[in-house]
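Here's the structure we're looking at; comments come further down.
Keep in mind the model is a prediction, meaning the values are calculated, not measured.
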Amino acid sequence: MHWTEMLMPVVSGFALTIMAMPIFIGYFRMKQLGQTTREDGPKWHEVKTGTPTMGGLVFLIAIVITSSWVGIWQKSLTISLGLLMFILVLYGILGFLDDFIKVFKKRNLGLTSKQKLIGQIIGGIIFFAIYRLEGLDTLLYLPFFGDVNIGWLYAIFVMVWLVGFSNAVNLTDGLDGLVAGTASIAYGAYAILAFKQGQTDILIFCLAVIGGLVGFFFFNKKPAKIFMGDVGSLALGGGLAAVSILLHQEWSLLLIGLIFVIETASVMIQVTSFKLTGKRVFKMSPIHHHFEMSGWSEWRVVLTFWAVGLVAAILALVIIL
């Protein structure tokens, strides 16, 4: 795939998102629909109350349209590309339902954690079933052991990976531009790996995501005109996990997605510490709020997290390539 051809999915994802987003924002403002900030969150976030949300719906549609037409154009509309779009759409639907209940039904809590988990697991089961029907192997690279065929245990791994990183990206989505940047970096790293492996179908998907996220960032940078909502973050996380699986670089996501891992770990540490000792390790979790409440500006936190994510992604590529 020539570099000029690689521009197609990026430009398409970007153009579709940046053209449709103003219309989407305008609709939400006309209907006076917006996000409600956390009551226990930083007080300075109260100014964000009422900001339109669910912007992830726009870039998800842009990604699916772009991946489909470029996939057809490049004769790369494969089962793997279909699986990636399936996870993106299914997890996006779960996020959409969660956001819809919160925004349109005016309920602070959307889907329950159990409902989302069931949906995510069902998606993982379908993903693995199609994965196996296509004859893709169940080899998992284990440090010091190399590739090991773990059989049906791979199905459990797939579900844990999809659910875990879907929720990890969702937890990270708390500051203007944070996920738009960190997810772009992660998908960029996997685009390089897909290119090196000659997997044009996965490369197209990753580039379409990057284009959509860059377009979204124009409206999500501080001060954000719109948030991506669960519809965007759950889908992006599931998509990242699926990409790492299809590239057979599963463990790389722990480094390429280091920011998402740290954010999730901070929540787990906070909850465990409070339950066991009654004390909190961080001023607030996820950890990006801890830095905010320590006096860091929102932009400083976002830029620092982008930098850490970029260094981690480059390190992963150096190790792998």
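- The aromatic rings of Trp299 and Trp306 sit perpendicular, their planes meeting at an angle over 60°, well past the 30° parallel limit.
- Considering only heavy atoms from C-beta on, Ile192 comes within 4.5 Å of Leu321 through its side chain.
- For the pair Tyr91 and Gly124, the tightest heavy-atom approach, listed with the atom from each and the gap, is OH-N, 4.2 Å.
- Under the 4.5 Å side-chain criterion, counting only non-hydrogen atoms from C-beta, Ile320 is in contact with Ser252.
- Minimum interatomic distance between Gly123 and Leu90 (heavy atoms only, all atoms of both residues): CA-CD2, 3.2 Å.
- Residues satisfying the side-chain contact (heavy atoms from CB on, under 4.5 Å) test with Leu153, not counting sequence neighbours, are Ile150, Ile156.
- Formation of a donor-acceptor pair under 3.5 Å by the Thr17 side chain with backbone atoms of Phe59 is not found in this model.
- Here the rule is side chain to side chain contact (heavy atoms under 4.5 Å, CB included) with Phe165, and of Leu234, Leu254, Leu236 only Leu254 fits it.
- Relative orientation of the Phe127 and Tyr131 rings is parallel, given thresholds of 30° and 60° on the angle between their planes.
- Side-chain N or O atoms of Ser285 include none that pairs as donor or acceptor with a backbone N or O of Ile287 at under 3.5 Å.
- Counting only distance, with no hydrogens or angles, the side chain of Asn167 and the backbone of Val163 share a donor-acceptor pair below 3.5 Å.
- Looking at His290 and Ser266, their side chains never come closer than 4.5 Å, going by heavy atoms from C-beta outward.
- Here the side chain of Asp176 pairs a donor or acceptor atom with the backbone of Ala224 at under 3.5 angstrom.
- Between Phe157 and Trp251, the ring centre distance stays below 6.0 Å.
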Working note: Glu250 + Ser244, criterion side chain to side chain donor-acceptor pair (under 3.5 Å); need CA distance, chi angles, decisive distance, verdict. CA-CA 5 Å; Glu250 299 91 341; Ser244 72; over 6 Å; no
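- In this structure, the ring of Phe218 has its center less than 6.0 angstrom from the ring center of Phe14.
- In this structure, Gln197 contributes its side chain and Leu247 its backbone to a donor-acceptor pair below 3.5 Å.
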